[in-house]
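Worksheet: one structure, shown below.
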Amino acid sequence: MKKPRSLAIALAVPLFGAIVAAPVASAQPQLSGAATEFSVLAREGQSAASVEKAVRAAGGTVVASNAAVGLITATAPANGFAERVSADRSVFGAAKAKPIGTAPKNGKAKVKPSVVEKEGRGAAAPSAKKPAQAQAVGMDPLDDQLWGLKSVRSDLSRTKQPGDKRVKVGVIDTGVDGNHPDIAPNFDRAASRNFTKDIVADVNGAVVDGPCEYRSCVDPADHDDNGHGTHVAGTIGAAANGFGVSGVAPNVTLVNIRAGQDSGFFFLQSTVDAITYAGDAGVDVVNMSFFTDPWLYNCTANPADTPAQQAEQRTVIEATTRALNYAHRKGVTQVVSLGNQHSDLAAPQPDASSPGYPSNSTHPRQIDNASCLSLPIEGPHTIGVSSFGPSQAKADYSNYGVEQISVSAPGGYFRDGFGTPWFRTLENQILSTYPRNVGVAEGNIDEAGNITPDGVTAGIKKATAADGRVGYYQWLQGTSMASPHAAGVAGLIVSQYGKGSRDFGMNPDAVQRVLEGTASDVACPVPRTVDYLDEGRDASFTATCTGDASFNGFYGHGAVDAWSAVTRGSQYLRG
């Protein structure tokens, strides 16, 4: 079991005005700057209504309110508002989110980096190669290329339990292409939500999401302009329909709970709204393959940060903690990727990437493990998942460490198999569903639907059904690809052992016990320290595995095993 982190650190340092009486109006900071969106969090025990009143008194406008957590979305001038509103005794703190209505000054996009996940782009293309009675389902044509599917033994588990349609698995990500032929049969459009609004450009004028494709800059709830969320959804629950690929749990219901921008940023308000919505909507399992922007680590009082930045991070910690607790109380099993920073989360490396938004804002920071949290992975009630490659070697990029890990899963490892023909091949990564619109935007698919030469190099796959339906597939790697394998197994666990008729479901702590208890033990490598130098990585990637075969920092309780979960899981249930 991963060691709990104390979330009380969020209260260790006072916020603006937290220890003094509210200043008189004449002493209040002057408001100035462009209109900006803020997230304002109520103190514990204070109502959202009292915070809304404080927002208006401080010169802001209330846009939306999340009563479950006490988080208010407000707009106000960029400067002075956070100090004003935080001085109110009903307010815990305020976090600046993003500018409103900024026009781009140049064409340079501020896109969240995905260098780990798309590392294989440019490599040579791969060679061609619970109802009353659960009905067994088969495999799909491209499944022979899904080494991860076989690693978790979904090919076996589906003969006993392919998933129950009553089980809802939420994808908190950049969106899900609900029209993809492999997603559509399992997609719940009515339950899906989009909690984001496209950002044209940041405060410095750098393009973020780019021009809005839909009215009001809000994409439909079955749309994905990034591709990340659709890839995740396919791994969890692509239908076994004789077409394309199938997922780990091919009969569960998929729900898009979008919290990520087109550009890949995940901001506080949208992530909190998505997590609490999962609880309210009766979602059984959620997958969270992201960290909450703009801070890789949210620190309570890092000396490299300004007082305003420190206050923002304390607000992120407290709001996220409340949201995770809320969803857990509502019965949501929360599966989270461990992260791609090749870092022991108990001894994090220095951070030079924060704040990642807006552009040109980063500064170097030393990270104190006692007072800094990467969220949501270091929040409460999360199941942390590390990544391994086809050889079951820990992927070089994967975070690790006994403090936060629960289990491990296939996430892809482009550089796996050093010294063999498999080294640096796309087939070492994870193949899953790809939105056509993203493929066209990336130049991998042309307007007629054909794979371009760039798409061939990137290994993009195309499948055409007898009725003319077309689906596309791409290779990615990352802990973002590992956690959906675990989320799929969690969906099968709920399907197999869940109870109730009208309110079918399962306690998330019980789901975690089964997931961890049935995982296949994987021992630390010998020697325990792996340097990745032959693979072309520098010394910062060197990692040491601590623990034994039953629980260690590389693999947690082991590699998730769908077959064992649905056949042996009952022994880990209590009561």
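Computed from heavy atoms alone, side chains included, the values below leave out hydrogens, waters and symmetry copies.
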Would you say the side-chain atoms of [X] pair up with the backbone N or O of [Y], donor to acceptor, closer than 3.5 Å?
X    : Y    : answer
D140 : G242 : yes
S495 : G163 : no
Q334 : N287 : no
N66  : S270 : no
W475 : G412 : no
T479 : A482 : no
S151 : P410 : no
N552 : D548 : yes
S386 : F554 : yes
D143 : L146 : no

Describe, in one word, how the ring planes of H223 and Y214 are oriented to each other, choosing from parallel (under 30°), tilted (30 to 60°) and perpendicular (over 60°). perpendicular
Can you tell me how the ring of F388 sits relative to the ring of Y555, calling it parallel under 30°, perpendicular over 60° and tilted otherwise? tilted
State plainly whether the residues [X] and [Y] are in salt-bridge range, i.e. N to O under 4.0 Å.
X    : Y    : value
R537 : E119 : yes
D284 : K168 : no
D262 : R258 : yes
R121 : D454 : no
D561 : R153 : yes

Are [X] and [Y] packed together at the side-chain level, in the sense that at least one heavy-atom pair is separated by less than 4.5 angstrom?
X    : Y    : result
Y400 : C545 : no
S246 : R158 : yes
T271 : I172 : no
I430 : H485 : yes
V530 : Y532 : yes
D177 : D222 : no
T292 : P376 : yes
V283 : I257 : yes

Given the rule in the ring-ring contact (aromatic ring centres under 6.0 Å, His included) test, do H342 and F541 qualify, once you have shown the distances and angles that lead to the verdict? CA-CA 6 Å; H342 57 274; F541 284 78; 3.6 Å; yes
Could you measure the distance from the [atom1] atom of [X] to the [atom2] atom of [Y]? Nearest 0.5 Å is fine.
X    : Y    : atom1 : atom2 : answer
L268 : L375 : CG    : CG    : 9.5 Å
L492 : S154 : CG    : OG    : 6.5 Å
M481 : N340 : CE    : CG    : 8.5 Å
T420 : F418 : OG1   : CZ    : 9.5 Å
T382 : L338 : OG1   : CG    : 9.0 Å
I493 : M506 : CD1   : CE    : 6.5 Å

Could you check whether Y472 and Y434 have their ring centres less than 6.0 Å apart? no
Quick one: closest heavy-atom pair of [X] and [Y], and the distance?
X    : Y    : value
L345 : E378 : O-OE2, 3.8 Å
G556 : I405 : N-CD1, 3.3 Å
A519 : V407 : CB-CG1, 4.3 Å
A486 : V560 : CB-CG1, 4.0 Å
G379 : L324 : CA-CD1, 3.7 Å
V116 : Y397 : CG1-CG, 3.6 Å

Side chains of [X] and [Y]: is there a donor and an acceptor less than 3.5 Å apart?
X    : Y    : answer
D509 : H328 : yes
D188 : T253 : no
N179 : R189 : yes
N428 : D416 : no
N399 : D344 : no
T174 : D224 : yes
D209 : S263 : yes

Criterion salt bridge (charged side-chain N to carboxylate O under 4.0 Å, His left out) on D155 and K150, from CA distance to verdict: CA-CA 6 Å; D155 53 336; K150 298 179 180 65; over 6 Å; no
For residues 152-190, which residue pairs pass the ring-ring contact (aromatic ring centres under 6.0 Å, His included) check, not counting sequence neighbours? H180-Y473
According to the disulfide (SG to SG under 2.5 Å) rule, which pairs have a member within residues 217-278, sequence neighbours left out? C212-C217
side-chain contact (heavy atoms from CB on, under 4.5 Å) between E117 and S480, intermediate numbers included: CA-CA 8 Å; E117 293 172 354; S480 286; 3.1 Å; yes
List for me each residue that meets ring pair (Phe, Tyr, Trp, His ring centres under 6.0 Å) alongside Y277, sequence neighbours excluded, and say none if there are none. F195
side-chain contact (heavy atoms from CB on, under 4.5 Å) between V255 and V169, intermediate numbers included: CA-CA 6 Å; V255 182; V169 181; over 6 Å; no
Kindly determine whether H228 and S289 satisfy side-chain contact (heavy atoms from CB on, under 4.5 Å), including the steps that lead there. CA-CA 9 Å; H228 190 277; S289 292; 3.8 Å; yes
F504 six-ring centre to R166 NZ/CZ under 6.0 Å and within 45° of normal: yes
Can you confirm if the NZ or CZ of R415 lies within 45° of the ring axis of F423 and under 6.0 Å from the centre of its six-membered ring? no
Only one of E442, Q474, Q477 passes side-chain hydrogen bond (donor to acceptor under 3.5 Å, both in side chains) with K118, and that residue is E442
Test side-chain contact (heavy atoms from CB on, under 4.5 Å) on V248 and I236; report intermediate values, then the result. CA-CA 5 Å; V248 173; I236 295 170; over 6 Å; no
